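Written below as structure tokens is the structure these notes are about.
Predicted model, so just to flag it, every value in this text is computed and none were measured. For the single chain, residues carry numbers from 1 onward in sequence order.
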Amino acid sequence: MKELDNDAFLVALGKQFEKTKSKGTVYLTMKRFAFEKKQQLKKELGNQPTEDELSNPDFDYPCLIRAVCGNEKLSTKVRPENTDKFLEKYAIITRVHMDSLKKKEKTKKAKKAKLDAAASSTAAPSTAILTAN
């Protein structure tokens with residue numbers, strides 16, 4: 001897995017989207033990167049830290065972002081101070097490549113329900129006429 005800096009990751013991600021425009025899939029994952037903090041606490045405590053020790057609100061964790069396209073794997077770590085800039089650029093790249101998404105295929109049940117709803121709304125409402133004799 002290649003770990004790239006933020007800008008190089010975004011360029012490579014754009015290239016992956018271009019490769020999969022006609023056929024293929026790009027899987028994206030984002031998660032908190034706590035490895036550095038775990039190693040630091042492990043040295044201080046001498047044993048594996050618990051989740052309570054890792055959930056310290058004073059520590060800002062970086063975000064690990066991965067992209068997988070076939071056999072090509074990319075990753076980057078986004079520091080908390082760079083998050084806003086990175087996510088703006090990331091949003092632009094994903095919006096540009098949204099046109100290559102496939103439309104969701106409708107199931108038979110959904111088609112049938114839609115036809116039934118259309119048929120019942122187009123049917124003439126029944127009216128009863130009462131005549132007095």
Side-chain angles (χ1 to χ4, degrees):
M1 183 177 300
K2 300 176 193 174
E3 186 172 331
L4 306 170
D5 67 341
N6 295 342
D7 292 330
F9 176 81
L10 292 171
V11 170
L13 182 64
K15 289 178 183 177
Q16 281 188 344
F17 281 137
E18 287 297 324
K19 279 196 277 185
T20 60
K21 196 162 188 97
S22 62
K23 186 177 180 182
T25 304
V26 177
Y27 295 99
L28 297 168
T29 57
M30 300 173 98
K31 67 182 217 175
R32 180 178 81 167
F33 185 73
F35 181 74
E36 293 168 351
K37 182 67 174 173
K38 279 185 183 180
Q39 294 301 318
Q40 179 185 2
L41 287 173
K42 191 173 182 180
K43 286 180 184 177
E44 292 172 5
L45 301 173
N47 58 359
Q48 195 68 17
T50 63
E51 285 297 320
D52 293 335
E53 293 167 339
L54 287 174
S55 62
N56 183 1
D58 297 333
F59 187 77
D60 290 331
Y61 292 97
C63 181
L64 178 65
I65 301 175
R66 293 180 180 146
V68 179
C69 174
N71 293 332
E72 187 179 356
K73 299 176 182 179
L74 307 171
S75 67
T76 189
K77 280 188 262 180
V78 181
R79 297 276 168 207
E81 58 271 7
N82 300 335
T83 302
D84 293 335
K85 291 178 186 175
F86 178 83
L87 288 179
E88 286 175 6
K89 294 175 185 176
Y90 175 78
I92 290 170
I93 289 174
T94 53
R95 264 190 245 129
V96 165
H97 294 92
M98 287 285 184
D99 61 343
S100 61
L101 293 175
K102 293 181 184 176
K103 289 188 177 182
K104 186 177 178 180
E105 293 181 17
K106 295 183 180 180
T107 62
K108 291 181 181 181
K109 290 180 183 178
K111 287 180 183 178
K112 186 176 181 181
K114 188 174 181 180
L115 289 174
D116 290 343
S120 65
S121 66
T122 59
S126 60
T127 56
I129 301 175
L130 298 176
T131 56
N133 287 342

* Asked: Could you state the interatomic distance from CG (Leu28) to CG (Leu13), rounded to the nearest 0.5 Å?
  -> 5.5 Å

* Nearest-0.5 Å distance that lies between atom CG in Leu87 and atom CD1 in Ile92 -> 11.0 Å

* Are Asp7 and Lys89 close enough that some pair of their side-chain heavy atoms sits under 4.5 Å apart? -> yes

* To do: Determine yes or no for a side-chain-to-main-chain donor-acceptor pair under 3.5 angstrom, with Thr76 supplying the side chain and Leu4 the backbone.
  => yes

* Structure fact -> Closest non-hydrogen contact found for Pro80 with Pro62 is CD-CA, 4.2 Å

* Asked: Do Thr29 and Lys31 come close enough that some side-chain heavy atom pair is under 4.5 Å?
  -> no

* Side chains of Val78 and Tyr90 in contact at under 4.5 Å (non-hydrogen atoms) -> no

* Structure fact -> When every non-hydrogen atom of Asp5 is compared with those of Ala8, the smallest separation belongs to OD1-CB, 2.8 Å

* Mind checking the CD-CZ spacing from Glu3 to Arg66? Nearest 0.5 Å is all I need. => 9.5 Å

* Tyr27 versus Thr25, closest heavy-atom pair with distance -> CZ-CG2, 3.6 Å

* **Interatomic distance, Lys21 atom NZ to His97 atom NE2 [nearest 0.5 angstrom]** => 5.5 Å

* Pair Thr83-Cys63, side-chain contact (heavy atoms from CB on, under 4.5 Å): steps then yes or no -> CA-CA 8 Å; Thr83 302; Cys63 181; 5.8 Å; no

* Structure fact -> Value for CZ (Phe9) from CD1 (Ile93), rounded to nearest 0.5 Å, stands at 9.0 Å

* Leu74 side chain reached by Lys15 side chain, heavy atoms, under 4.5 Å -> no

* To do: For Lys19, look at atom NZ and say whether over 12 heavy atoms of other residues, nucleotides or ligands are found less than 6.0 Å away.
  => yes

* Roughly how far apart are Lys77 NZ and Ile65 CD1, rounded to 0.5 Å? -> 12.5 Å

